Protein chains: 2
Amino acid sequence: MKGKTISEAVIRRLPRYFRYLEELAEKGVERIPSSRIASALRVTASQVRQDLCSFGGFGQQGLGYNVEMLKNEIADILGLTRSYNMIIVGFGNVGAALAGYMGFSKEAFIFKAAFDIDTDKVVPEGLKLYSIDKIEDYLANNQIDIAVICTPKAAAQSVAERLVAAGITKIWNFAPIELDLPENITLENTNMSASLYMLTYSRR
Amino acid sequence: MKGKTISEAVIRRLPRYFRYLEELAEKGVERIPSSRIASALRVTASQVRQDLCSFGGFGQQGLGYNVEMLKNEIADILGLTRSYNMIIVGFGNVGAALAGYMGFSKEAFIFKAAFDIDTDKVVPEGLKLYSIDKIEDYLANNQIDIAVICTPKAAAQSVAERLVAAGITKIWNFAPIELDLPENITLENTNMSASLYMLTYSRR
DNA sequence: TAGATTGTTAATCGATTAACAATC
DNA sequence: TAGATTGTTAATCGATTAACAATC
């Protein structure tokens, strides 16, 4: 399977493998068989092997996988070996929560600035808050990798277009709307309501 | 296709249809063909028809779908015709953001109480903050549908177990850990880091 | 009626699972 | 060596797309 492009389905599982491998590494586990990864993440051992094999097998027959090696390999595939400068557009509840969220790797994801209509809002130490008018100015003078849109629905599309025009290629959208952007933009949507609906929908 | 169980893949798309139909309804659009839904959501018309047909066709040949009717039908399937009482466990950045988030339907999702170790935190009007020790007490005396876990990683599993023991069956987990819970619990995970990794991973 | 568009079946495509030879 | 476990191929399963008759 080496050399083939990795499917979206596999990529979506990589963060879970990664998180689990981090835990194992912390605990000092050195080797792990696919069967244990599988039971921890509630998938099949076959799928684990198929997934890991798709980007080049790092296991050893009879011994399983080297935790540290596999973790590093996945980090590399996910692009976690470098750091990313980020800005937040729309500093309401969601924007503020992200800026203060402790779950992100502090070294890998650096919140540089936030933009809002109201520039009097309180921001965490180290983060700068600018008027939303200043987006273009700021992006012309600062190298930013990822923009996070946390504006209300009505503002999101126009903000997104401004970001794209200013050279942003990776957008994380929290506004509850389908953004219409060029093909070359990498867009990730986090739809809070949709997640909640998965709980209100009763299976079976 | 009527009568068959609706697949997970279809269910995951329903919130997007729903959101789009809400927009159309607001604009006063009365009928819409599958082709237009498809282009708005960037899926195929065939898939839209297949999806909608899977829970009983509500379209009319030659005329498309009645927006209001379809919206109500999807709301019904997603369980949005009633309201849900919710509690938040762990009132840090994420918990506070959810409590203040304006994107949820205020009528359908009602945040009743929050629980934290620190009971001196500021909470929005109408929400009560209790010590985390009071969870069992509270749940014995209040009918709660959904519990949201926003604690740090280390506390999440034990909090989840306490919630389940106290009768909670629907859990929305924001803590960055795989919770191990009984089969009958409906669990929805929102993994912020995973979403971000989808942006750092470079396609193509 | 003619045109549009659904509902649904069949064909295709992709992803998951099973199986097992290779090998540590 | 014997046991364990991978890498990988083949089989299965499910989801998406295509096609078109039915019908508004």
Side-chain angles (χ1 to χ4, degrees), chain A residues 1-17 20-21 24 29-71 73-74 77 198 201 203-204, chain B residues 1-17 20-21 24 29-71 73-74 77 198 201 203-204:
Chain A
M1 275 271 169
K2 270 184 212 191
K4 290 196 97 182
T5 46
I6 309 175
S7 79
E8 168 89 9
V10 176
I11 296 295
R12 294 252 161 220
R13 280 191 292 271
L14 290 188
R16 297 180 66 213
Y17 292 130
Y20 182 59
L21 289 164
L24 291 173
V29 179
E30 283 184 15
R31 308 201 137 271
I32 188 145
S34 58
S35 57
R36 276 230 285 148
I37 300 179
S39 67
L41 305 193
R42 307 219 197 173
V43 294
T44 63
S46 202
Q47 183 166 65
V48 172
R49 290 203 300 281
Q50 190 78 270
D51 284 356
L52 300 186
C53 185
S54 73
F55 53 86
F58 286 88
Q60 268 187 300
Q61 276 103 332
L63 298 172
Y65 298 87
N66 179 308
V67 170
E68 196 62 34
M69 193 180 187
L70 193 55
K71 179 168 83 73
E73 186 59 28
I74 294 178
I77 291 167
M198 290 303 108
Y201 169 73
R203 272 144 274 254
R204 283 167 293 265
Chain B
M1 276 272 170
K2 270 184 215 193
K4 290 197 99 184
T5 45
I6 308 175
S7 78
E8 168 90 7
V10 176
I11 297 295
R12 294 253 159 218
R13 281 191 291 271
L14 290 187
R16 298 181 66 212
Y17 292 131
Y20 181 59
L21 289 165
L24 290 173
V29 179
E30 285 185 12
R31 306 201 138 272
I32 188 142
S34 58
S35 58
R36 278 229 284 148
I37 300 178
S39 66
L41 306 192
R42 307 219 197 171
V43 294
T44 64
S46 202
Q47 185 167 62
V48 172
R49 290 203 298 282
Q50 191 76 271
D51 284 357
L52 300 186
C53 186
S54 74
F55 53 86
F58 286 89
Q60 268 187 300
Q61 277 103 328
L63 299 172
Y65 298 86
N66 178 308
V67 171
E68 197 62 34
M69 193 180 187
L70 192 55
K71 179 169 83 74
E73 185 59 27
I74 294 177
I77 291 166
M198 290 303 109
Y201 169 72
R203 272 144 273 254
R204 280 168 294 265

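Here the structure is a predicted model, which is why all the values come from computation and not from measurement. To find a chain, count down the sequence lines: A is the first, B the second, and so on, and within it residues start at 1.
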As a test of reading the structure: which of [options] is closest to the side chain of [X], going by heavy atoms?
X	options	result
Tyr65(B)	dG7(C), dT16(C), dT5(C)	dG7(C)
Pro33(B)	dA15(C), dG7(D), dT5(C)	dT5(C)
Cys53(A)	dT8(D), dC24(C), dT16(C)	dT8(D)
Arg49(B)	dT17(D), dT6(D), dT6(C)	dT6(C)
Gln50(B)	dG7(D), dT17(D), dG7(C)	dT17(D)

**Message:** Rounded at 0.5 Å granularity, tell me how far CG in Leu52(B) sits from CZ in Arg13(B).
**Reply:** 10.0 Å
**Prompt:** Roughly how far apart are Ser7(A) OG and Arg12(A) CZ, rounded to 0.5 Å?
**Reply:** 11.0 Å
**Fill in**
Sorted by position of nearest nucleotide on DNA chain C, 5' first, the leading residue of Arg13(A) and Gly59(B) is Gly59(B)
**Prompt:** Does Ser46(A) or Leu52(B) map to a spot on DNA chain C nearer the 5' end, using the closest nucleotide for each?
**Reply:** Leu52(B)
Atom-pair distance ([atom1] on [X]; [atom2] on [N]), nearest Å:
X	N	atom1	atom2	result
Gln60(A)	dT5(D)	CD	P	13 Å
Gln61(B)	dT23(D)	CD	P	7 Å
Ile6(B)	dT16(D)	CD1	P	14 Å
Glu8(B)	dA15(C)	CD	P	16 Å
Asn66(B)	dG7(C)	CG	P	12 Å
Asp51(B)	dT17(D)	CG	P	10 Å
Ile37(A)	dT5(D)	CD1	C1'	12 Å
Phe55(B)	dT8(C)	CZ	P	13 Å

**Request:** Would you check if Tyr65(B) and Lys71(B) make a side-chain contact, meaning some heavy-atom pair closer than 4.5 Å?
**Result:** no
**Prompt:** Does any non-hydrogen side-chain atom of Leu70(A) lie less than 4.5 Å from one of Tyr17(A)?
**Reply:** no
Identify whether any heavy atom of [X] sits under 4.0 Å from a base atom; if not, whether one sits that close to sugar-phosphate; answer base, sugar-phosphate or nothing.
X	result
Arg31(A)	nothing
Ser34(B)	sugar-phosphate
Ser35(A)	nothing

**Prompt:** If we call it a pair only when both distances are under 3.5 Å in a Watson-Crick or G-U wobble match, what pairs with dC13(D)?
**Reply:** dG14(C)
**Prompt:** For dA21(C), which nucleotide in any strand shown is its Watson-Crick or wobble partner with both distances under 3.5 Å?
**Reply:** dT6(D)
**Asked** If you take all heavy atoms of Ile37(A) and Tyr20(A), which pair is closest and at what distance?
**Response** CA-CE2, 3.8 Å
